[in-house]
Amino acid sequence: MVATKKSKKQGEGINAKLALVMKSGKYQLGYKTALKSIRSGKAQLIFLASNTPPLRKSEIEYYALLSRTPVEMYKGDNIALGTACGKYFRVGVLAITDPGDSDIIKTLEQ
């Protein structure tokens, strides 16, 4: 019972940190712009929705591997990722270029 609460709390923590990145940081939404930021080396963290197509997922993971950018799978689908970003549309890929006041990158490294 305690583990369930902790995992739910962790998921809410990620959503809160994403909301802080949306307010104070810089980010790229979408597959094409995220790929551009990975190629240029500006991306610091990549979020992929759980229902991202396998080919697209493997391509982003490959480019992220080459640029040494961490990739995190978001537990929800693209609708939930868009809602966590505070948008009213679906978001399949999110590239964080500047976390702003959020400590999301340090938290996910642990």
Side-chain angles (χ1 to χ4, degrees):
M1 189 73 171
V2 176
T4 337
K5 285 186 176 181
K6 187 176 182 183
S7 66
K8 188 173 183 183
K9 182 81 170 179
Q10 182 68 19
E12 290 172 357
I14 293 294
N15 287 345
K17 289 175 184 183
L18 273 177
L20 190 57
V21 168
M22 295 299 134
K23 279 190 174 183
S24 65
K26 294 183 180 177
Y27 57 91
Q28 303 284 333
L29 297 177
Y31 169 71
K32 288 183 180 180
T33 55
L35 213 55
K36 287 178 188 177
S37 65
I38 293 171
R39 283 188 196 138
S40 64
K42 294 179 182 176
Q44 294 182 4
L45 178 65
I46 306 293
F47 273 102
L48 291 174
S50 64
N51 62 345
T52 305
L55 182 64
R56 186 171 285 189
K57 177 181 169 187
S58 63
E59 185 178 4
I60 287 180
E61 286 175 343
Y62 174 70
Y63 279 113
L65 178 82
L66 292 178
S67 68
R68 295 189 179 117
T69 305
V71 176
E72 187 70 27
M73 288 301 295
Y74 188 73
K75 289 178 178 42
D77 59 352
N78 55 1
I79 298 171
L81 183 57
T83 305
C85 293
K87 306 296 179 189
Y88 293 111
F89 48 83
R90 297 171 293 198
V91 175
V93 182
L94 166 69
I96 298 174
T97 54
D98 177 30
D101 297 332
S102 179
D103 61 342
I104 192 167
I105 296 174
K106 294 175 187 173
T107 305
L108 292 176
E109 285 177 354
Q110 293 175 350

Write down the atom of A64, the atom of V71, and the distance for their closest heavy-atom approach. CB-CG2, 3.4 Å
Taking only residues at least two apart or on different chains, which pairs with a member in residues 53-62 satisfy side-chain hydrogen bond (donor to acceptor under 3.5 Å, both in side chains)? Y31-E59
I105-L20 co-clustered via ILVMFWY side chain contacts under 4.5 Å: no
Hphob cluster co-occupancy, M73 + Y63, side-chain heavy atoms under 4.5 angstrom: yes
May I have all residue pairs that pass side-chain hydrogen bond (donor to acceptor under 3.5 Å, both in side chains) and include part of residues 88-105, sequence neighbours excluded? none
Which atoms form the tightest heavy-atom contact between V91 and L81, and what is the distance? O-CD2, 3.2 Å
If you look at every heavy atom in G92 and T52, which pair is closest and at what distance? O-OG1, 3.7 Å
Separation between OG1 (T33) and CD (Q28), nearest 0.5 Å, reads 5.0 Å
Should N15 and Y74 count as side-chain neighbours, where that means a heavy-atom distance under 4.5 Å? yes
Do L48 and L45 belong together in a cluster built from hydrophobic side chains that touch within less than 4.5 Å? no
Side-chain (S40) to main-chain (S37) donor-acceptor, under 3.5 angstrom: yes
Check whether any side-chain heavy atom of L108 lies under 4.5 Å from a side-chain heavy atom of I14, and answer yes or no. yes
Going only through I, L, V, M, F, W and Y residues with side-chain contacts under 4.5 Å, is there a path from V93 to I38? yes
Nearest non-hydrogen partners of P70 and Q44, listed with the distance: CD-O, 3.2 Å
CD1-CD distance between I96 and E72, expressed to the nearest 0.5 angstrom: 10.0 Å
Hey, any chance I46 and L29 share a hydrophobic cluster, counting ILVMFWY side chains that come within less than 4.5 Å of each other, even indirectly? no
Short question: side chain of S67, backbone of R39 - any donor-acceptor pair under 3.5 Å? no
Side-chain heavy atoms of L18 within contact of L94, under 4.5 Å: yes
Got a sec, which hydrophobics cluster with L55, joining ILVMFWY side chains under 4.5 Å apart, including via others? none
I60 CD1 to F47 CZ distance, which is reported to the nearest 0.5 Å: 13.5 Å
